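Heads up: the structure comes next, in structure tokens.
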Amino acid sequence: MVIIKNMSFKYVETPIINNATWQINPKKKIALVGPNGTGKTTLFRLILNELEPDSGSINRQKGIKIGYLPQEGVILKEMLLQHEMLSVMGSVYEDCMKLQSLLSSQQNEMNAISDLQDVLLKNNFYEREQEAKRIIIGLGFTDNDWSRKVSDFSGGWQMRLALAKLLFKDTDLLLLDEPTNHFDEESLAWLEAFLSKYKGTYIIISHDRFFLEKTTLETIELDRGKLTKYSGRYSFYIEQKEKNRQIIEAKAKLQQEEIERLERFIERFKAKNTKSSQANSRMKTLEKIKKIEIEKEAPKIHFEFPRGIRPGYEVVTLNGVSHCYDEKLVLNNFSATIYRGDRIALVGPNGIGKSTLCRILSAEEKPSRGKISWGYHLVKAFFSQINDQMLPQEKTVIEFIRDYQEDYTETFLRTLLGCFLFRGNDVHKKIEMLSGGEKNRLLICRILLLKTNFLILDEPTNHLDLESKDILTDALKEYEGALVVVSHDRYFLKKFANKVWAITSSGLNVFQFGYDDYYEEIHSELWKIDNRKEKDNSSSNSREFRLEQKRKEAELRQKKYHAVKDIKAQVLKLEENICLMEKELKEVEEILAGQYIYNEPERLKNMQIKFAYLKKDLACEMNKWEELNNKIDYIERNYE
């Protein structure tokens with residue numbers, strides 16, 4: 001579909017992609033990962049032919065249809081939602097508009113109407129229209145939205161509509177840049193199910209690790225200008241990357257030991273006439289060694305919230321709390337208590353009232369009915385995505401942060417800001433010059449510096465990259481106060497939440513366990529409901545279906561076992577050989593390190609030859625071991 005060969009690209013004088021080669025094949029489900037600012041979006045623009053590479057080539061299959069969803073900035077036409085969706089069908093949609101015009105004008109043009117109806121039927125227009133509706137509803141819109149103007153929707157909902165159009169469109173390759181921003185759990189689940197059945201190729205950039213794990217089978221990393229392919233899901237990529245790092249470090253260690261051994265020999269014998277030729281020989285060997293470079297990982301910052309005053313055991317109590325906007329009831333008779341040490345994930349569909357409850361918990365709004373009681377010694381902070389309007393516009397980023405915490409050094413504050421993507425001269429930007437996303441990141445950074453004992457965070461991970469999320473996650477895990485967090489990032493929530501508050505149309509449900517257990521229980525309940533429905537429709541069919549599923553699963557396990565059985569036996573044998581060779585190599589090294597071996601030239605020569613052969617054979621065996629393990633991982637992932 002797309003072949004990238006020896007491609008390089010730089011922005012001004014900064015190299016973004018360096019001599020990259022990549023073949024994008026049909027029916028692939030790919031995650032494109034890497035730190036922020038490494039050039040993932042730039043790579044998409046190169047594939048789309050919006051940018052030209054400085055060297056190398058990108059060859060696209062003739063007639064290939066590529067769909068692209070950017071992170072933001074989508075501009076849609078001023079029309080009804082249904083027309084925006086159906087316009088994807090091109091001339092068939094235009095025929096539909098002509099037909100509607102003729103019918104509404106009540107002109108007696110029966111032949112034209114009949115011809116247009118035939119064209120629409122021939123092109124499956126009405127089936128496609130129903131498909132468009134299913135996609136729209138799956139992404140969180142309602143039946144009533146079908147006839148609303150696109151301009152009535154917020155920017156986030158317009159981005160959803162742009163994604164809906166791409167999913168509805170007939171494309172060969174989808175490029176999705178952060179497609180899940182602002183999605184609720186139900187819409188995410190629907191999108192994951194849709195993508196699992198998608199027949200084309202797609203490449204996803206996302207900071208939602210849970211989403212990548214569910215939707216992709218192959219991972220491409222872009223880091224320091226290099227593209228590296230991993231034949232597995234995101235978790236496999238993380239695991240394999242760590243294994244590769246350990247292997248490179250082990251090889252580098254062996255090489256360094258060899259260099260030091262040669263240097264010791266040269267230093268000891270270069271001045272002796274009888275050994276000078278051997279010393280010179282080793283000097284030449286030393287010069288030829290190409291040193292293994294280990295890429296240094298960026299130092300990870302560890303951050304702890306400043307310790308606040310210890311609050312009372314009961315932090316906040318809601319008693320029959322309800323809230324209305326005009327005539328619309330948003331929260332209905334909520335009763336619950338937040339205790340010291342609670343880390344609550346507040347979940348529910350978009351528009352159900354999560355942000356409203358956050359504002360009530362933070363005392364920014366008073367409930368329409370019911371009572372809210374506060375514990376003693378309470379020091380709270382609230383992160384809301386509209387709080388950026390209250391920032392002091394005239395201050396710089398570093399001035400604003402310094403006002404909230406003078407206990408830390410300038411270096412630490414700059415490092416912390418850097419982790420939230422304020423790097424170099426960005427810290428001297430005035431707040432009035434920042435984008436909405438930058439202001440949100442600055443507010444999160446400020447919250448990390450406050451001495452609080454109760455935090456309410458409404459979508460804190462939007463606009464954060466993986467590194468920033470990890471810093472925030474680690475800090476929240478160690479936070480001693482109470483937390484209420486709204487987020488659609490499931491991986492983020494499961495890392496620290498010990499309770500779940502789920503808002504539904506029927507009220508507030510409190511789960512006394514973490515997000516992982518909540519997710520499992522909810523999906524288990526959905527499975528039971530589906531199973532009961534199936535049983536009511538046809539109990540015998542349901543039983544046969546489950547038996548068939550079990551048979552297929554057993555058959556798949558058997559196939560997987562036989563597919564890797566012989567390879568695992570080879571790995572076991574290799575590991576035994578490697579263990580013996582490492583032991584023998586260590587023994588030879590100890591002999592060569594001894595004082596008296598150099599008085600026995602013949603034995604010394606034999607030991608050196610043996611050492612060289614052992615090292616070569618060991619490296620060969622290690623490479624085989626690595627290849628076989630990669631093969632096992634690849635086969636097992638495919639069977640999953």
Side-chain angles (χ1 to χ4, degrees), residues 1-26 28-77 88 155 158-159 162-163 165-167 169-181 200-208 212 216 218-230 237 295 421 423-426 433-438 463-467:
M1 294 175 72
V2 178
I3 298 175
I4 296 170
K5 191 172 181 183
N6 302 329
M7 182 186 73
S8 295
F9 179 83
K10 61 183 178 183
Y11 180 72
V12 190
E13 293 301 316
T14 305
I16 305 295
I17 298 166
N18 183 28
N19 199 32
T21 296
W22 181 20
Q23 183 167 320
I24 304 169
N25 294 319
K28 291 292 182 182
K29 299 179 177 184
I30 302 166
L32 178 59
V33 302
N36 259 32
T38 53
K40 299 186 294 294
T41 300
T42 299
L43 181 56
F44 272 6
R45 294 183 65 197
L46 285 159
I47 292 170
L48 289 161
N49 207 22
E50 291 179 4
L51 297 172
E52 286 290 329
D54 296 321
S55 61
S57 62
I58 304 180
N59 297 314
R60 302 164 193 84
Q61 182 183 322
K62 192 174 180 181
I64 188 173
K65 289 175 280 187
I66 303 177
Y68 173 50
L69 181 76
Q71 282 191 42
E72 54 190 4
V74 169
I75 300 172
L76 300 175
K77 299 167 191 169
V88 165
Q158 290 198 29
M159 289 300 295
L163 174 60
K165 286 177 66 179
L166 280 180
L167 299 181
K169 197 173 182 179
D170 183 22
T171 55
D172 304 303
L173 173 61
L174 275 178
L175 305 177
L176 305 177
D177 196 346
E178 293 291 350
T180 62
N181 283 349
T201 292
Y202 56 74
I203 306 171
I204 298 173
I205 298 171
S206 178
H207 292 135
D208 187 335
L212 291 179
T216 61
E218 184 177 302
T219 307
I220 302 293
E221 182 189 53
L222 176 57
D223 191 14
R224 298 176 178 91
K226 294 191 299 184
L227 285 177
T228 308
K229 179 180 174 182
Y230 295 83
Y237 149 71
E295 292 178 345
L421 309 181
R423 293 173 178 137
N425 289 329
D426 289 344
M433 303 298 293
L434 301 180
S435 67
E438 287 173 323
H463 309 288
L464 298 187
D465 69 352
L466 293 176
E467 182 186 4

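Worth saying up front: this structure is predicted, and the values here are computed from it rather than measured.
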Please give me the minimum heavy-atom distance between Pro179 and Leu163, naming the atom from each residue.
O-CD2, 4.0 Å
Let me confirm one number: the CD1-CD1 distance from Ile220 to Ile205, rounded to the nearest 0.5 Å.
12.5 Å
Answer yes or no: are there more than 12 heavy-atom neighbours, outside Asn49 itself, under 6.0 Å from its atom CG?
yes
Determine whether Leu174 and Ile204 satisfy the following criterion, side chain to side chain contact (heavy atoms under 4.5 Å, CB included), listing intermediate values before the conclusion.
CA-CA 8 Å; Leu174 275 178; Ile204 298 173; over 6 Å; no
Would you confirm whether Ser8, through its side chain, and Gly56, through its main-chain N or O, come within 3.5 Å as a donor-acceptor pair?
no
Find the distance between CG (Leu46) and CD (Glu52) and round it off to the nearest 0.5 Å.
8.5 Å
Closest non-hydrogen atom pair between Met1 and Thr201, with its separation
SD-OG1, 3.5 Å
Donor-acceptor check, side chain of Asp172 to backbone of Lys65, threshold 3.5 angstrom: yes or no?
yes
With a 3.5 Å distance limit and no angle check, can you tell me whether Glu178 reaches the backbone of His207 through a side-chain donor-acceptor pair?
yes
In this structure, CG of Asn6 is separated from CG of Asn19 (nearest 0.5 Å) by 4.5 Å
Look up atom NZ in Lys229 and atom OG1 in Thr219, then write down how far apart they are to the nearest 0.5 Å.
11.0 Å
On a heavy-atom basis, which atom in Ile16 and which in Leu222 lie closest, and how many Å separate them?
O-CD1, 4.4 Å
Would you say the side chain of Ile203 lies within less than 4.5 Å of the side chain of Leu43, judging by non-hydrogen atoms?
no
For Ile58 and Ile47, the nearest pair of non-hydrogen atoms, with its separation, is CD1-N, 4.3 Å
Worked check of side chain to side chain contact (heavy atoms under 4.5 Å, CB included) between Ile17 and Met7:
CA-CA 7 Å; Ile17 298 166; Met7 182 186 73; 3.9 Å; yes
With a 4.5 Å heavy-atom cut-off, do Asn18 and Arg224 have their side chains touching?
no
Measure the shortest side-chain to side-chain distance between Asp223 and Thr228 over non-hydrogen atoms and say whether it is less than 4.5 angstrom.
no
Inter-residue atom distance Tyr202.OH - Leu69.CG, 0.5 Å rounding:
14.5 Å
Donor-acceptor pair, Lys40 side chain versus Gly34 backbone, under 3.5 Å?
yes
Count the heavy atoms of every other residue, nucleotide or ligand shown that sit under 6.0 Å from NZ of Lys29, and state whether that count exceeds 12.
yes
To check you understand the geometry: which heavy-atom pair defines the closest contact between Leu175 and Leu48, and what is its length?
CD1-CG, 3.8 Å
Rounded to the nearest 0.5 angstrom, the OG-CG distance for Ser206 and Leu32 is 11.0 Å
Less than 4.5 Å apart, side chain to side chain, heavy atoms only: is that true for Trp22 and Val2?
no
Closest approach of Ile66 and Thr171, non-hydrogen atoms and distance?
C-CG2, 4.5 Å
